[in-house]
Q: 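Okay, handing you the structure first.
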Amino acid sequence: MLDIKFIRENLELVKRNIELKNEKADLSNFSNLEETRRKIIQEVEQLKNERNQVTREIANLKKDGKDATSLIDNMKNVSDKIKELDDELRNIESEIYSITTKLPNMLSEKVPAGKSEEENVIIRYWGDKKSQPFKANHIEISKKLGIIDFERGAKVSGSGFSFYIGKGASLERALIQFMIDYHTQKHNYTEIWSPFMVNSASMFGTGQLPKMADDMYYSNADDMYLIPTAEVPLTNFHRDDTLKIEDLPKKICGYSPCFRRESGSYGKEVHGFLRVHQFNKVEMVNFSTPENSYNQLDILVSEAEDILKALEIPYRVVLLCSADTSFSSAITYDLEIWSAGEEKWLEVSSCSNFLDFQARRANIKFKRTPNSKPEFVHTLNGSGVATSRLYAAILENYLQNDGSVLIPNALKSYCGFDSINL
RNA sequence: GGAGAGGUGGCCGAGUGGCUUAAGGCAACGGUUUGCUAAACCGUCGUAGGGGUAACACUCUACCGGGGGUUCGAAUCCCCCCUUCUCCGCCA
């Protein structure tokens with residue numbers, strides 16, 4: 001959420017930002033509504049002031065046993081008028097609310113203007129692309145090894161769901177464990193195991209609601225959502241909290257399955273693991289002071305990179321252009337790993353600085369000293385990293401001549417085996 | 001799912017329609033005193049939104065879990081919801 005005063009004073013900037021992000025938001029009514037709102041506030045608050053004073057007089061008269069009927073009759077009219085204006089105000093505020101809650105975060109100046117992912121900027125590469133002994137993508141490899149069953153996933157749940165079997169399941173579990181250990185032991189994160197269903201207040205806090213409602217699984221009977229990322233429970237962990245400045249930056253990480261309806265996405269990268277309805281991910285979340293958040297973002301990106309380096313998977317870091325930067329984010333770096341089978345780059349991590357956008361929605365503050373005014377923190381998060389595409393890349397990059405797959409060195413102790421054989 | 005008891009400022013806690021402009025205490029912060037620490041004493045001490053200001057100051061309104069309602073007036077009365085605890089039922 002943007003500060004309403006900021007919107008009022010920078011309307012043109014906000015409009016330009018909407019265009020840059022390729023979002024749709026109608027601000028044509030905003031100034032009028034906002035002006036009306038303040039006019040009504042002034043009017044109704046003056047009446048309330050009058051009511052408070054006369055109410056005190058009535059109390060005094062009654063205490064002295066005197067008659068107050070004429071004052072009371074008068075106040076009936078004032079009260080009716082207040083009720084009327086309060087209703088009007090409520091309507092206008094809800095109109096303003098429905099506009100402002102749909103306004104995307106302001107982009108950082110560092111974000112290049114651009115209309116599609118073509119205009120993202122590649123920041124750096126790491127590692128050499130491996131060539132396969134024979135050409136095979138992760139679907140072919142995993143079928144041959146019998147470690148993934150996409151068809152049974154479709155039978156039991158639907159397309160976009162799959163079973164992991166035997167060493168295939170172990171590898172997935174090992175990956176999660178490895179990543180959590182890495183972040184807690186080497187990057188000083190506190191591990192959190194969170195709920196995987198959350199209420200709508202939480203979805204609003206991180207910015208999924210109201211815009212992304214159709215992309216999430218929702219249980220109507222419970223008014224709860226399956227989380228699309230652990231960002232939601234982890235960031236909302238501190239909803240309505242005031243943090244101590246000595247605890248900042250506060251770094252928490254956690255595993256969660258991620259559920260995404262991906263409505264309307266069929267036709268693009270849907271086969272195998274590239275786009276699924278349920279996948280696993282370790283998420284890093286950072287609560288920072290405003291002056292530190294960009295610095296923390298650089299650290300966050302490097303922490304996600306460390307995972308890929310440890311697993312020796314070639315990757316590149318990409319700065320997203322304006323239209324590719326999500327609703328809540330001010331700036332986002334993606335990590336893309338090389339898929340030797342698909343021969344393309346696959347996104348496995350998205351690291352963003354949200355500035356105070358989520359903090360304002362979720363009401364997360366900090367105080368500089370015990371007596372100073374609370375300020376909104378800056379929130380950041382990044383995948384560290386998502387497993388399914390990483391899993392695919394491991395199969396494709398570690399494929400051997402005989403069709404077996406070597407386990408990356410860093411994972412061997414977690415798996416308890418060195419390779420997956422035919 | 002059923003029954004009952006709760007939810008008041010950072011924390012504890014009083015408050016059953018007007019003497020509340022939320023008592024009192026603790027913690028925190030500033031100061032006085034003091035060889036130092038402590039204690040004592042004095043003061044400050046919520047959030048949001050209007051108005052106002054160059055910025056302060058100042059001022060008004062709202063907020064006692066959330067939302068409605070009754071009333072001239074609601075922390076207090078009524079309705080709905082959320083949540084915590086206790087007990088019962090069901091359950092991996």
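Residue numbers begin at 1 in each chain, while the letters A, B, ... track the order of the sequences.
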Q: Round to a whole Å and report the spacing from NZ of A:Lys48 to P of B:C72.
A: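 Going from A:Lys48 (NZ) to B:C72 (P), I get 17 Å.
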
Q: Could you check how far CD of A:Glu84 sits from P of B:G69, rounded to whole Å?
A: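 Computing the A:Glu84:CD to B:G69:P distance gives 14 Å.
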
Q: Which nucleotide, in any strand shown, forms a Watson-Crick or G-U wobble pair with B:C90, with both distances under 3.5 Å?
A: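 Looking at the geometry, B:C90 pairs with no nucleotide.
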
Q: Below 30° counts as parallel, above 60° as perpendicular, anything between as tilted: where do the rings of A:Phe273 and A:Tyr164 land?
A: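 Parallel, since the angle between the ring planes stays under 30°.
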
Q: Do the side-chain N or O atoms of A:Lys62 get closer than 4.0 angstrom to the phosphate oxygens (OP1, OP2) of B:C19?
A: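 No, no such contact exists.
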
Q: Using only modelled atom types and a 3.5 angstrom limit, is any donor from either the side chain of A:Glu45 or the base of B:G49 paired with an acceptor on the other?
A: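 Present.
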
Q: Which sits closer to the 5' end of RNA chain B, A:Ile41 or A:Ala59, going by the nucleotide each is nearest to?
A: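 Looking at the nearest nucleotide for each, A:Ala59 comes out on the 5' side.
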
Q: In whole angstrom, give me the gap between the C1' atoms of B:C45 and B:A28.
A: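 These two C1' atoms come out 8 Å apart once rounded.
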
Q: Identify which nucleotide among B:U70, B:G73, B:A48 has an atom closest to any side-chain atom of A:Lys83, counting heavy atoms from C-beta outward.
A: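 Nucleotide nearest to A:Lys83's side chain: B:U70.
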
Q: P atom, B:G25 versus B:U83: distance in rounded Å?
A: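 Each nucleotide's P atom is 37 Å from the other's.
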
Q: Answer yes or no: does a side-chain N or O of A:Arg8 lie under 4.0 Å from OP1 or OP2 of B:G50?
A: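 Yes.
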
Q: Less than 4.5 Å apart, side chain to side chain, heavy atoms only: is that true for A:Glu375 and A:Lys365?
A: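 Heavy-atom side-chain distance check fails, nothing below 4.5 Å.
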
Q: Applying a 3.5 Å limit to both distances, which nucleotide forms a Watson-Crick or G-U wobble pair with B:C64?
A: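 Its partner: none found.
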
Q: Considering Watson-Crick and G-U wobble pairs with both distances under 3.5 Å, what does B:G4 pair with?
A: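 Paired with B:G4, as far as the under-3.5 Å criterion goes, is B:C85.
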
Q: Rounded to whole angstrom, note down the P distance from B:G18 over to B:C78.
A: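 Going atom to atom, P in each nucleotide, I get 15 Å.
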
Q: Assign each of A:Lys373 and A:Arg38 to its nearest nucleotide of RNA chain B by heavy atoms, then name whichever residue's nucleotide is nearer the 5' end.
A: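 The answer here is A:Lys373.
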
Q: Let me know the distance between CG of A:Leu47 and P of B:A62, rounded to the nearest Å.
A: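 Those two atoms, CG and P, are 12 Å apart.
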
Q: Any side-chain N or O of A:Arg56 less than 4.0 Å from the OP1 or OP2 oxygen of B:G18?
A: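 Checking B:G18 against A:Arg56, no side-chain N or O comes under 4.0 Å of OP1 or OP2.
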
Q: Does B:G10 have its OP1 or OP2 closer than 4.0 Å to a side-chain nitrogen or oxygen of A:Thr242?
A: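 Answer no for this pair, as no side-chain N or O of A:Thr242 is under 4.0 Å from OP1 or OP2.
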
Q: Measure the distance from CD1 on A:Ile40 to C1' on B:U61 and round it to the nearest whole Å.
A: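 Taking CD1 of A:Ile40 and C1' of B:U61, I get 15 Å after rounding.
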
Q: Do A:Leu355 and A:Tyr294 have side-chain heavy atoms sitting under 4.5 Å apart?
A: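 In short, these two side chains touch, coming nearer than 4.5 Å.
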
Q: I need the CD1-P distance between A:Ile82 and B:C60, as an integer number of Å.
A: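 Nearest whole value for this atom pair: 16 Å.
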
Q: Between B:G49 atom P and A:Asp86 atom CG, what is the distance in whole Å?
A: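 Taking CG of A:Asp86 and P of B:G49, I get 18 Å after rounding.
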
Q: Using 4.0 Å as the upper bound for N to carboxylate O, is an ion pair formed by A:Lys211 and A:Glu23?
A: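 Here A:Glu23 pairs with A:Lys211 in a salt bridge, since their nearest N and O are under 4.0 Å apart.
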
Q: Given that both distances must come in under 3.5 Å, which nucleotide forms a Watson-Crick or G-U wobble pair with B:G73?
A: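 Partner of B:G73: none found under 3.5 Å.
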
Q: Would you mind pulling out the nucleotide paired to B:A23, Watson-Crick or G-U wobble, both distances under 3.5 Å?
A: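 Checking every strand shown, B:A23 finds no partner, since no pair has both distances under 3.5 Å.
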
Q: Using 30° and 60° as the class limits, which term best fits the ring planes of A:Tyr255 and A:Trp193: parallel, tilted or perpendicular?
A: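 It falls in the tilted class, 30° to 60°.
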
Q: Parallel, tilted or perpendicular: which describes the rings of A:Phe150 and A:His138, with under 30° parallel and over 60° perpendicular?
A: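 Ring orientation of A:Phe150 relative to A:His138: perpendicular.
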
Q: Which nucleotide, in any strand shown, forms a Watson-Crick or G-U wobble pair with B:A54, with both distances under 3.5 Å?
A: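 Matched B:A54 with nothing under the 3.5 Å cut-off.
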
Q: Counting side-chain heavy atoms from CB outward, which of B:A48, B:C72, B:G50 is closest to A:Lys5?
A: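 Nearest listed nucleotide: B:G50.
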
Q: Taking atom P in both B:U61 and B:A22, compute the distance separating them and give it to the nearest angstrom.
A: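 Between the two P atoms, the distance is 12 Å.
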
Q: Specify the separation, in whole Å, of atom CG of A:Leu71 and atom P of B:G18.
A: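 Whole-Å distance recorded here is 19 Å.
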
Q: Classify the nucleic acid contact of A:Lys367 as base, sugar-phosphate or nothing, counting any heavy atom under 4.0 Å across all strands shown.
A: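 Answer is nothing: A:Lys367 stays at 4.0 Å or more from every strand.
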
Q: Whole Å only: how far is the CZ atom of A:Arg360 from the C1' atom of B:A48?
A: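 My rounded result for the distance is 13 Å.
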
Q: For B:G67, does OP1 or OP2 lie under 4.0 Å from any side-chain N or O of A:Arg90?
A: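 Checking B:G67 against A:Arg90, no side-chain N or O comes under 4.0 Å of OP1 or OP2.
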
Q: Are OP1 or OP2 of B:G10 and a side-chain N or O of A:Lys365 less than 4.0 angstrom apart?
A: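 No.
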
Q: B:U8 and B:U20: how far apart are their C1' atoms, nearest whole angstrom?
A: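 Nearest-Å result for B:U8 against B:U20 at atom C1': 13 Å.
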
Q: Taking the C1' atom in each of B:G4 and B:G89, what is the distance between them to the nearest angstrom?
A: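 Comparing C1' positions in B:G4 and B:G89 gives a spacing of 15 Å.
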
Q: Using a cut-off of 4.0 Å on non-hydrogen atoms, how would the nucleic acid contact of A:Ile58 be classed: base, sugar-phosphate, or nothing?
A: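 Base contact.
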
Q: Does OP1 or OP2 of B:C72 have a side-chain N or O of A:Lys76 closer than 4.0 Å?
A: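 For B:C72, OP1 or OP2 has a side-chain N or O of A:Lys76 closer than 4.0 Å.
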
Q: Between B:U71 and B:G9, how far is it from one P atom to the other, in whole Å?
A: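 Each nucleotide's P atom is 30 Å from the other's.
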
Q: Quick one: does A:Ser70's side chain get under 4.5 Å of A:Asp73's, heavy atoms only?
A: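 No, every pair of side-chain atoms sits at 4.5 Å or beyond.
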
Q: Partner of B:C29 by Watson-Crick or G-U wobble geometry, both contacts under 3.5 Å, or none?
A: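 B:C29 is paired, partner B:G43.
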
Q: Paired with B:U34: which nucleotide, if any, by Watson-Crick or G-U wobble criteria at under 3.5 Å for both distances?
A: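 Paired with B:U34, as far as the under-3.5 Å criterion goes, is no nucleotide at all.
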
Q: Nearest to the side chain of A:Asn49 - B:G18, B:C60, B:G50?
A: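 Among the listed nucleotides, the one closest to the side chain of A:Asn49 is B:C60.
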
Q: In whole Å, what separates the C1' atom of B:G65 from that of B:G6?
A: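 The same atom, C1', in both gives a distance of 11 Å.
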
Q: Between B:U61, B:G50, B:C72, which nucleotide gets closest to the side-chain atoms of A:Asn52?
A: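 The closest nucleotide is B:U61.
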
Q: For A:Tyr189 and A:His187, take the angle between the two ring planes, folded into 0 to 90°, and tell me which bin it lands in: parallel under 30, tilted 30 to 60, perpendicular over 60.
A: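 The rings of A:Tyr189 and A:His187 stand perpendicular, inter-plane angle above 60°.
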
